[in-house]
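Just so we're on the same page: letters track the sequence lines, and every chain starts at 1.
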Amino acid sequence: MPELPEVEVVRRGLADWVTGRTIESVTVLHPRAIRRHVAGPGDFAARLAGRTVTGTARRGKYLWLTVDDPALALLAHLGMSGQLLVGEPDRPREKHLRVRATFTDGGLDLRFVDQRTFGHLMAAELVPDAFEAAASVPVPIAHIAPDPLEDAFDDEGFYRALRRRHTGVKRALLDQSLISGVGNIYADEALWRAGLHWARPTETLTRPEVVRVLRGVREVMAAALAVGGTSFDSLYVNVNGDSGYFDRSLEAYGRRDEPCGRCGTPIRRDVFMNRSSYSCPRCQPRPRRGVF
DNA sequence: CTTCGTTCCTGTACGC
DNA sequence: TGCGTACAGGAACGAA
């Protein structure tokens with residue numbers, strides 16, 4: 001399940017393998033993969049054909065390729081199971097191949113493979129970034145906040161935004177308009193590190209607690225990035241098809257009934273937002289109404 | 001305006 | 001063996 005560290009691993013791979021190369025043709029094999037590109041597959045392919053890739057960028061879980069048209073980007077979101085793979089152009093088609101791009105040099109091709117089809121690609125317009133001077137951002141994601149690894153992320157502004165909200169801290173961490181790049185896995189890990197329960201009301205958070213949450217997010221993401229990201233199955237891989245190793249370092253996520261690494265209490269699993277939340281009942285006690 | 005439940009999709013695991 | 005169900009879950013969308 002790609003979150004920020006996994007997307008960053010993919011971005012770095014693309015930077016190595018496609019920068020400077022010219023796209024020859026783009027084939028859409030499944031229209032759902034470009035459903036956010038409202039002009040359709042023909043327009044998507046036509047906008048990208050002949051363009052030379054000039055660089056790569058990322059914000060949160062979105063990554064994009066810049067091209068020799070400064071107003072255009074190839075924007076990608078991997079969803080739950082999306083993969084961007086670089087490989088020999090004559091290899092067999094993957095079962096869930098959705099989009100394929102070839103290059104004029106006849107070398108390695110670029111494939112978007114996505115089993116569960118929650119991911120998508122689009123050819124998007126680039127506009128000036130409201131958060132970082134001199135930077136550009138694709139229009140469809142201009143509304144999301146910077147991610148916590150960006151210089152443009154505003155820690156104090158994040159604290160004030162949380163205090164204005166009336167929701168639980170985990171829901172806020174998953175809200176890409178407040179902080180981008182955090183998904184279910186790293187939200188649970190960051191809250192475990194910060195010693196906060198997922199349902200803690202955001203309006204009661206203290207400044208030191210928010211500092212702990214942000215430190216937790218940044219530290220766990222940096223640690224995951226250092227080992228190539230988190231993989232539970234074969235669905236997350238880098239551009240060469242290799243998995244990361246961070247699942248061996250997770251403290252809370254997926255560890256139901258296993259002992260907490262700090263206190264030994266069995267990790268608890270709750271259903272929240274129709275998905276799993278893992279926490280330590282002792283290190284992350286459930287908040288009581290009226291306590292704060 | 002904010003908040004929150006629903007929906008999209010496919011493959012795997014598991015109980016009976 | 002096969003069938004039904006739970007689960008994995010990001011984010012757009014609509015309702016309240």
Next on the checklist: Does A/F272 reach a base, just sugar-phosphate, or nothing at all? Heavy atoms under 4.0 Å.
Outcome noted: nothing
Checklist entry - Tell me: CZ of A/R275 to C1' of B/dT7, nearest whole Å? => result 11 Å
Checklist entry - Any side-chain N or O of A/S276 under 4.0 Å from OP1/OP2 of C/dA8? => result yes
Next on the checklist: Taking the basic N atoms (NZ, or NE/NH1/NH2) and the acidic carboxylate oxygens, is any pair closer than 4.0 Å for A/D16 and A/R12?
Outcome noted: no
Item to check | Phosphate-side-chain proximity, A/S81 and B/dT10, N/O vs OP1/OP2 below 4.0 Å | outcome: no
Checklist entry - Considering only side-chain heavy atoms of A/K95, which listed nucleotide, C/dA8, C/dG10, B/dG11, is closest? => result B/dG11
Checklist entry - Could A/R255 and A/D188 be called an ion pair, given the rule that one side-chain N must be under 4.0 Å from one carboxylate O? => result no
Checklist entry - Which nucleotide, B/dC4, C/dG10, B/dT10, lies nearest any side-chain atom of A/R116? => result B/dT10
Item to check | A/R36 side-chain proximity, nearest of C/dA12, C/dA8, B/dG11 | outcome: C/dA12
Next on the checklist: Is A/R171 close enough to B/dT3 that one of its side-chain N or O atoms is under 4.0 Å from OP1 or OP2 there?
Outcome noted: no
Checklist entry - Between A/R98 (CZ) and B/dC8 (C1'), how many Å, whole number? => result 13 Å
Checklist entry - Would A/R193 and A/E189 pass as an ion pair if we require N to O under 4.0 Å? => result no
Checklist entry - Side-chain N or O of A/R165 less than 4.0 angstrom from OP1 or OP2 on B/dT3? => result yes
Next on the checklist: Using whole Å, what does the distance between atom C1' of nucleotide B/dG11 and atom CE of A/M80 come to?
Outcome noted: 10 Å
Checklist entry - Just how far, in rounded Å, is C1' of B/dC8 from CG of A/N274? => result 13 Å
Checklist entry - In whole Å, what is the span from the CZ atom of A/F118 to the C1' atom of C/dC7? => result 12 Å
Checklist entry - Is A/R35 touching bases, backbone alone, or none of the nucleic acid, heavy atoms closer than 4.0 Å? => result nothing
Item to check | Per A/Q176 side chain, nearest of listed nucleotides B/dC9, C/dA11, C/dC7 | outcome: C/dA11
Item to check | A/L178 CG - C/dA11 P separation (whole Å) | outcome: 13 Å
Item to check | Spacing between A/Y278 atom OH and C/dA8 atom C1', to the nearest angstrom | outcome: 9 Å
Checklist entry - Do side-chain atoms of A/T204 reach the backbone of A/P201 as a donor and acceptor pair under 3.5 angstrom? => result yes
Next on the checklist: Could you tell me how far apart A/L174 (CG) and C/dG10 (C1') are, to the nearest whole angstrom?
Outcome noted: 9 Å
Item to check | B/dG11 phosphate, OP1 or OP2, under 4.0 Å from A/H96 side-chain N/O | outcome: yes
Next on the checklist: Here's one to test your reading of the geometry: is the NZ or CZ of A/R98 within 45 degrees of the ring axis of A/F112 and under 6.0 Å from its centre?
Outcome noted: no
Checklist entry - Given C/dG10, C/dA12, B/dC9, which nucleotide is nearest the side-chain atoms of A/H143? => result C/dA12
Checklist entry - Is the phosphate of C/dG10, meaning OP1 or OP2, less than 4.0 Å from a side-chain N or O of A/H77? => result no
Item to check | Lys/Arg-Asp/Glu bridge criterion (N-O < 4.0 Å) met for A/R51, A/D68 | outcome: yes
